[in-house]
Amino acid sequence: QVQLVESGGGLVQPGGSLRLSCAASGSIFSANAMGWHRQAPGKQREWVANINSGGTVNYRDSVKGRFTISRDNAQNTVDLQMNSLKPEDTAVYYCHAYRGDYWGKGTLVTVSS
């Protein structure tokens with residue numbers, strides 16, 4: 001059964017850091033582009049970052065220089081290191097596998113003092 005399971009969310013103060021991780025099961029991870037998306041309360045889900053199987057990365061402008069996406073092809077994981085967090089980063093963060101359009105259930109990140 002295909003699964004994407006996110007972990008690492010929580011409450012952090014502005015300026016703090018969190019590292020999200022997504023573990024993929026099955027065969028979906030291999031040679032698949034992976035991404036992180038987020039949905040803030042009352043807003044539509046938006047793309048945050050992605051990484052292809054070769055390691056090429058892309059970021060939305062508002063997180064450039066603060067977030068880093070990475071993948072471990074041996075462990076079938078994709079991480080999102082988030083630094084200098086801002087209250088507007090508060091959202092449920094979802095892991096996504098592009099080929100097959102698989103989604104995790106999300107992990108909540110709350111940035112608040």
Side-chain angles (χ1 to χ4, degrees):
Q1 182 178 356
V2 173
Q3 274 190 314
L4 294 174
V5 180
E6 303 97 337
S7 61
L11 174 63
V12 63
Q13 292 187 341
S17 298
L18 279 176
R19 188 176 184 89
L20 306 183
S21 187
C22 171
S25 65
S27 61
I28 65 170
F29 192 85
S30 178
N32 201 344
M34 301 293 296
W36 286 94
H37 303 248
R38 67 187 180 187
Q39 187 166 16
K43 296 188 177 181
Q44 290 188 333
R45 190 174 298 188
E46 64 182 19
W47 164 75
V48 175
N50 58 29
I51 182 168
N52 68 12
S53 57
T56 300
V57 300
N58 294 285
Y59 300 96
R60 73 179 299 110
D61 286 347
S62 62
V63 307
K64 283 181 181 177
R66 300 189 298 122
F67 290 11
T68 302
I69 189 171
S70 60
R71 64 189 292 157
D72 185 332
N73 292 329
Q75 298 293 325
N76 288 356
T77 57
V78 57
D79 290 354
L80 185 68
Q81 177 67 42
M82 306 185 295
N83 299 327
S84 302
L85 282 161
K86 304 175 181 180
E88 51 264 42
D89 295 317
T90 295
V92 177
Y93 283 72
Y94 297 91
C95 181
H96 179 224
Y98 283 83
R99 179 166 45 85
D101 195 25
Y102 299 107
W103 292 87
K105 293 184 178 181
T107 185
L108 177 62
V109 172
T110 303
V111 184
S112 175
S113 55

Tell me whether [Y] is reachable from [X] by hopping between hydrophobic residues (I, L, V, M, F, W, Y) whose side-chain heavy atoms are closer than 4.5 Å.
{"X": "L20", "Y": "V12", "answer": "yes"}
{"X": "L4", "Y": "Y94", "answer": "no"}
{"X": "Y98", "Y": "V78", "answer": "no"}
{"X": "Y59", "Y": "I51", "answer": "yes"}

> Where do D72 and T77 land on the side-chain hydrogen bond (donor to acceptor under 3.5 Å, both in side chains) test, with the steps shown first?
Replying inline: CA-CA 5 Å; D72 185 332; T77 57; 4.7 Å; no
> Does R66 have any salt bridge (Lys or Arg N to Asp or Glu O under 4.0 Å) partners at least two apart in sequence or in another chain, and if so, which?
Replying inline: D89
Could you state the interatomic distance from [atom1] ([X]) to [atom2] ([Y]), rounded to the nearest 0.5 Å?
{"X": "L85", "Y": "S17", "atom1": "CG", "atom2": "OG", "value": "6.0 Å"}
{"X": "S62", "Y": "K86", "atom1": "OG", "atom2": "NZ", "value": "7.5 Å"}
{"X": "N58", "Y": "K64", "atom1": "CG", "atom2": "NZ", "value": "8.0 Å"}
{"X": "Q75", "Y": "S21", "atom1": "CD", "atom2": "OG", "value": "9.5 Å"}
{"X": "S70", "Y": "L80", "atom1": "OG", "atom2": "CG", "value": "8.5 Å"}

Side-chain donor-acceptor pairs under 3.5 Å in residues 103-113, sequence neighbours left out?
from : atom 1 : to   : atom 2 : distance (Å)
W103 : NE1    : D101 : OD1    : 3.0
T107 : OG1    : G9   : N      : 3.2

>> Under a 3.5 Å distance rule, please check whether N32 uses its side chain to pair with a backbone N or O of R99 as donor and acceptor.
In response: yes
> Is the Lys NZ or Arg CZ of R71 less than 6.0 Å from the centre of F29's six-membered ring, within 45° of the axis?
Replying inline: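 Checked: cation-pi criterion met.
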> How would you list all residue pairs meeting disulfide (SG to SG under 2.5 Å) that involve residues 37-71, not counting sequence neighbours?
Replying inline: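 Every candidate disulfide (SG to SG under 2.5 Å) pair involving residues 37-71 fails, so no pair, neighbours aside, qualifies.
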> Which pairs with one or both residues in residues 72-113 pass disulfide (SG to SG under 2.5 Å), sequence neighbours excluded?
Replying inline: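 Found C22-C95.
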Under 3.5 Å donor-acceptor pairs involving side-chain atoms of residues 41-48, not counting sequence neighbours:
from : atom 1 : to  : atom 2 : distance (Å)
E46  : OE2    : R38 : NE     : 2.7
E46  : OE2    : R38 : NH2    : 3.1
W47  : NE1    : A49 : O      : 3.4

>> Using 30° and 60° as the class boundaries, would you call the ring planes of H37 and H96 parallel, tilted or perpendicular?
In response: perpendicular
>> For a quick test of reading the model, state the closest non-hydrogen atom pair linking A31 to S53 and the distance between them.
In response: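 Closest heavy-atom pair between A31 and S53: CA-CB, 3.6 Å.
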> What salt bridge (charged side-chain N to carboxylate O under 4.0 Å, His left out) pairs are there with at least one residue in residues 14-25, not counting sequence neighbours?
Replying inline: R19-D79
